[in-house]
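One structure is given here, and the rest of the page talks about it.
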Amino acid sequence: MADYQFQDIERKWQHFWENERTFRVPKDTDTSKSKYYVLDMFPYPSGVGLHVGHPLGYIATDIVARYKRMKGFNVLHPMGFDAFGLPAEQFAVEHGVHPRVTTENNIENMLRQLKSLGLSYDWDRKLATTDVDYYKWTQWIFLQLFNSWYDRETNRARPIAELQEKLEEEDDGWASMSAADRESVLSQYRLAFLTEVPVNWCPALGTVLANEEVTNDGRSERGNHPVFQRPLKQWMLRITEYGDRLIADLDGVDWPEPVKLMQRNWVGRSEGANVQFQVDGEDASIQVFTTRPDTLFGATYMVLAPEHPLVDMLTTPEQREAVTRYCEEAEAKTDLDRGADSRVKTGVFTGAFVINPVNDSRLPIWVADYVLMGYGTGAIMAVPAQDDRDWAFAEVYDLPIIRTVQPPEGFDGKAYTGEGPAINSGFLDGLGVAEAKTAMIQWLQEHGHGEGTVTYKLRDWLFSRQRYWGEPFPILHREDGSVRAVDEADLPVALPPMTDFKPTASDDPDAAPQPPLARADESWLKVEIDGVRYQRELNTMPQWAGSCWYYLRFIDNQNDSCFVDPKREAYWMGEKGVDLYIGGVEHAVLHLLYARFWHKVLFDLGHVSTKEPFGRLFNQGYIQAYAYRDARGIAVEATEVVDQDGRPAMEVQDQPGRQFFYQGAAVTQEYGKMGKSLKNAVSPDEIIASYGCDTLRLYEMYIGPLEASKPWNTRDIVGVHRFLRRVWRNFVDAETDELLLSDEEPSDDQQRLLHRTTERVSADMERLSFNTAIAALIECLAEWVSLERIPRALAEPFVLLLAPLAPHMAEELWQRMGHNASLAYTAWPEAQAQWLVDEAITLAVQVNGKVRGTFSVPADAEKDAIIAAAREVENVARHLESATVHREIYVPGRLVNIVAK
RNA sequence: GCGGAAGUGGCGAAAUUGGUAUACGCGCUGGAUUUAGGUUCCAGUGCCGAAAGGCGUGAGAGUUCGAGUCUCUCCUUCCGCACCA
């Protein structure tokens with residue numbers, strides 16, 4: 001009965017770790033040791049729980065955490081829950097339960113699932129963004145933003161009080177201003193400010209959304225509802241001030257290049273110039289932004305966005321009807337329609353002209369929807385010769401085209417956007433693009449027609465939502481409409497108890513946002529301080545707020561006097577912040593951009609010690625699975641699909657020539673991300689029940705590289721399960737339950753195998769290549785299966801190498817080997833150099849680059865002897881007959897190549 | 001359209017710097033043990049060929065003594081952005 005009893009073993013060690021608090025890191029830990037902070041992107045506690053795709057990253061970080069502990073690091077490995085947000089609120093509305101109740105239930109279930117995976121989190125540091133003790137500090141950070149401004153001279157955020165002092169000193173009427181006027185001046189500087197701007201309004205969700213939460217076809221990322229642009233007074237965060245640093249500081253972090261690229265593109269920094277064009281015959285000018293000031297001589301017309309404020313004033317009576325109709329049509333189009341047929345250019349002439357400042361030519365002003373009001377100045381100078389879109393437009397409306405950059409010989413395209421000398425450009429002629437840009441910017445500045453500037457795609461972050469289940473703003477409104485912050489001492493502003501927290505949804509785009517908090521009790525809504533009456537801010541923060549700083553709170557989650565103790569922060573964040581942050585690529589822009597922004601503000605204000613929060617980022621792939629749809633295209637339960645021979649699809653889905661059926665009807669096979677919608681989710685609970693969680697951990701790491709998306713295939717699990725059984729059988733006698741070790745000295749060959757395996761596994765741990773680490777252990781064990789008893793000197797290091805991957809079995813074997821303590825902090829085996837060199841090496845011999853044989857030589861053989869031996873290899877000698885050897889190449893330890901003709 | 005990542009056996013995948021392509025696992029084939037079963041054990045398994053040998057990393061060129069790896073052109077798939085001036 002002493003077979004591999006994984007249920008008993010796993011239950012035993014999970015209890016042991018919990019009872020002994022094996023992975024607890026004391027608040028005041030030994031800071032003389034090196035630290036390693038390894039973090040997961042914390043989950044949203046959803047009602048359906050985890051499927052096997054979710055833990056992929058958690059297993060990986062757990063392996064790293066366990067490995068680093070054994071390497072002697074102080075390891076911080078915490079977990080928490082990102083629990084504010086729409087789904088909990090929607091579920092609560094549907095079931096009439098308070099979101100706090102559903103959130104807590106979901107957390108409970110997810111905790112159980114996480115613990116059943118044997119993850120070595122320090123659960124004493126668990127947190128949820130919905131904890132009042134947590135969001136108190138989220139509100140506190142908001143106050144830091146509210147009470148700061150961005151000083152462009154020193155390029156950092158500073159306390160708003162310092163701006164007040166500065167304004168007092170400069171005294172441009174500051175002293176004579178009313179308090180309300182002063183506040184409105186300051187609000188133009190605060191990093192968190194209330195303003196009326198066009199925002200993304202989603203009536204179906206009853207809330208406004210950030211740009212990052214709207215898909216590029218103009219719908220809400222959550223729920224896929226239509227989103228409308230509407231001017232509304234909302235809270236914004238001045239993230240645009242950080243555009244440069246959000247790009248520049250990417251150079252200092254170890255992140256996947258695609259993620260850095262996505263962030264750079266999202267910020268969208270463009271260097272160029274603003275140019276003023278005088279309107280012909282009017283006392284008005286139009287400013288355009290261009291990245292190609294060098295092409296100003298080639299400008300042949302100007303285009304305004306339909307929403308541009310000057311359109312109405314400029315349009316001549318003859319053109320008015322056409323322009324008005326065009327603008328109305330453009331307004332009715334969604335962004336989707338405007339972008340859909342982007343190759344077809346439309347527009348209408350306003351009848352007005354501007355003067356090109358460089359050559360006084362008259363340029364017609366057009367209105368066209370290919371120019372967007374939301375970027376640059378909403379107006380462009382059109383240079384068809386050097387811009388594809390302008391060329392296309394000029395072709396449609398027969399506008400002139402003047403080349404100002406000489407295309408290379410043989411160029412047969414239309415617009416030329418590449419390098420070349422300037423032509424037809426007066427004082428720029430002959431200059432390259434870069435010099436011409438510089439020269440033109442200088443000319444514009446000297447003559448007062450413009451200046452060099454930088455434009456960003458990034459917009460300020462719309463930060464308020466009309467929801468109940470979020471952090472309340474620590475803000476009070478006076479009756480005159482001005483605002484003030486809640487005193488720090490009065491934090492937290494707790495969510496008021498409410499029974500009707502339903503958002504006011506509507507399908508009318510003109511409906512007004514109605515924050516649920518407006519229905520809170522008067523006792524919460526109305527506040528009186530020093531005889532002044534206030535009403536609380538009714539909006540709540542977006543879901544991203546809590547995840548912007550949770551990695552800091554993990555460092556010191558119990559602290560109730562500050563958001564994180566500075567000494568502890570300095571130790572755990574160290575030089576480069578979080579040492580390893582693993583999560584899905586879906587957060588490449590949103591969460592990671594927002595968190596970096598908050599971190600930089602905290603850095604500027606002296607609250608954290610690193611420029612960047614996450615020194616190293618790693619994106620794990622997705623677990624995918626086969627899925628099946630019936631004739632109507634509806635997904636059917638993948639587990640109930642069979643092939644033409646009646647075999648379950650799960651067993652034969654990767655074999656060619658299969659047809660699949662669900663309840664007798666033919667279905668089509670596809671392949672996609674595991675989840676509820678494709679009905680192909682596999683629960684970790686059932687895999688753990690039949691194979692154990694050590695097997696599940698091993699399997700998820702073994703199917704492929706961590707960063708790759710890869711298919712789940714329940715059939716393949718037996719492979720790693722067999723490996724674990726083989727380990728067990730080789731160490732424990734099935735009859736007697738006795739440990740099968742010998743005290744013999746290992747042979748030299750055995751030593752070499754052990755140390756080579758140690759070397760491979762260690763290197764693979766460092767580069768997160770767990771699939772090859774497991775392969776190395778399988779190969780190593782395969783050499784020992786014939787041994788009655790494995791020498792203890794081999795068995796112990798082997799168990800330690802296995803420990804991060806399959807910790808329950810490793811702990812059990814370690815204990816049976818006579819060790820009283822957990823192996824969690826036992827030193828990782830070191831590969832010794834003496835055992836990494838072989839006595840004899842096998843080399844390949846090539847003739848003219850083709851392998852013709854192999855031979856063995858002593859490891860210390862000389863080059864000449866090796867080449868001589870190579871030429872004697874039977875097959876090689878045959879190929880060299882009647883040929884003259886021209887060259888002999890010896891690659892040490894690898895091969896000999898003989899070049900002969 | 002622009003940008004990025006990736007294409008290796010029937011399947012998942014290996015192959016630090018250019019140096020013996022297909023490690024390891026699944027599946028498959030054969031055998032062993034067992035009353036039986038397999039979540040047991042052993043052996044074989046890229047393709048063509050009886051063999052010798054030849055051919056093989058999406059396609060085609062190139063550089064090199066030597067290319068899965070480097071360069072160029074093209075094809076396919078996935079991801080991101082989408083008139084960003």
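Within every chain, numbering begins at 1; the chains are lettered A, B, ... in the order of the sequence lines, protein sequences first and strands thereafter.
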Counting runs of three or more consecutive pairs, Watson-Crick or G-U wobble, with each distance below 3.5 Å, where are the stems of RNA chain B?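 Detected stem regions: B:1-7 with B:75-81, B:10-12 with B:24-26, B:27-32 with B:40-45, B:46-48 with B:53-55, B:58-62 with B:70-74.
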
Find out whether the Lys NZ or Arg CZ of A:Lys345 is both under 6.0 angstrom from the six-membered ring centre of A:Phe393 and within 45° of the ring's axis.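 No - A:Lys345 does not lie over the ring of A:Phe393 by the 6.0 Å and 45° rule.
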
Can you pull every protein N or O that's under 3.5 Å from an N or O on nucleotides 65-68 of chain B?
unit_1	atom_1	unit_2	atom_2	d
B:C65	OP1	A:Arg887	NH1	3.3
B:C65	O2'	A:Asn897	ND2	3.3
B:C65	O2	A:Asn897	ND2	2.5

For [X] and [N], what is the distance between atoms [atom1] and [atom2] respectively, to the nearest whole Å?
X	N	atom1	atom2	answer
A:Leu372	B:C81	CG	P	16 Å
A:Leu781	B:U40	CG	C1'	15 Å
A:Arg722	B:C42	CZ	P	11 Å
A:Tyr691	B:C26	OH	P	12 Å
A:Trp266	B:A82	CH2	C1'	11 Å
A:Ile774	B:A14	CD1	P	12 Å
A:Glu700	B:G25	CD	P	20 Å
A:Phe770	B:A13	CZ	P	17 Å

Considering every strand and a 4.0 Å limit on heavy-atom distances, what is the contact class for [X]: base, sugar-phosphate, or nothing?
X	answer
A:Arg726	sugar-phosphate
A:Thr455	nothing
A:Val851	sugar-phosphate
A:Asn875	sugar-phosphate
A:Thr291	sugar-phosphate
A:Lys457	base
A:Arg760	nothing
A:Asn771	sugar-phosphate

For A:Tyr4 and A:Ile9: C-alpha separation, side-chain torsions, deciding distance, then whether side chain to side chain contact (heavy atoms under 4.5 Å, CB included) applies. CA-CA 9 Å; A:Tyr4 170 36; A:Ile9 293 170; 4.0 Å; yes

To the nearest 0.5 angstrom, please state how far the [atom1] atom of [X] sits from the [atom2] atom of [Y].
X	Y	atom1	atom2	answer
A:Glu700	A:Lys710	CD	NZ	8.5 Å
A:Phe277	A:Asn356	CZ	CG	5.0 Å
A:Arg725	A:Phe6	CZ	CZ	7.0 Å

Sequence neighbours excluded, which residues qualify as salt bridge (charged side-chain N to carboxylate O under 4.0 Å, His left out) partners of [X]?
X	answer
A:Arg403	none
A:Asp294	A:Arg292
A:Arg459	none
A:Arg894	none

Of A:Asp764 and A:Ala775, the one whose closest RNA chain B nucleotide lies more 5':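 With A:Asp764 and A:Ala775 compared, the 5'-side residue is A:Asp764.
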
For RNA chain B, whose closest nucleotide is more 5', that of A:Pro258 or that of A:Leu843?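 Here A:Pro258 is the residue nearer the 5' end.
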
Taking atom [atom1] in both [N] and [M], compute the distance separating them and give it to the nearest angstrom.
N	M	atom1	value
B:A23	B:C78	P	30 Å
B:G3	B:U57	P	28 Å
B:U69	B:A59	P	11 Å
B:G58	B:A6	C1'	11 Å
B:A32	B:G37	P	13 Å
B:C70	B:A15	P	15 Å
B:G54	B:U16	C1'	32 Å
B:A43	B:C24	P	11 Å

Candidate nucleotides [options], ranked by approach to the side chain of [X] - the nearest:
X	options	value
A:Glu779	B:C26, B:C24, B:G12	B:C24
A:Asp387	B:C26, B:A15, B:A85	B:A85
A:Tyr702	B:A85, B:C24, B:A14	B:C24
A:Thr854	B:A85, B:U20, B:G80	B:U20
A:Tyr370	B:G12, B:U17, B:C83	B:C83
A:Lys850	B:C55, B:G3, B:U39	B:C55
A:Arg729	B:C41, B:C26, B:G12	B:C41
A:Leu895	B:G19, B:C41, B:G53	B:G19
A:Ala763	B:U16, B:A15, B:G19	B:U16
A:Arg767	B:A15, B:C26, B:A85	B:A15

So, is A:Ser270 near the phosphate of B:A85, with a side-chain N or O under 4.0 Å from OP1 or OP2?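 So the side chain of A:Ser270 is within the cut-off, an N or O lying under 4.0 Å from OP1 or OP2 of B:A85.
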
Does a side-chain N or O from A:Arg894 land closer than 4.0 Å to OP1 or OP2 of B:U20, or not?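 It does, given that an N or O in the side chain of A:Arg894 lies less than 4.0 Å from OP1 or OP2 of B:U20.
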
Does any donor atom in the side chain of [X] or [Y] lie under 3.5 Å from an acceptor atom in the other side chain?
X	Y	value
A:Ser270	A:Tyr375	yes
A:Tyr456	A:Asp244	yes
A:Tyr628	A:Asn680	no

Distance-only, no hydrogens or angles: does the A:Tyr397 side chain make a donor-acceptor pair with backbone N or O of A:Gly347 under 3.5 Å?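 The answer is yes, because a donor-acceptor pair under 3.5 Å joins these two groups.
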
Syn or anti for B:G9 (syn when the glycosidic angle lies within 90° of 0):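 Syn conformation here, the glycosidic angle of B:G9 being no more than 90° from 0.
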
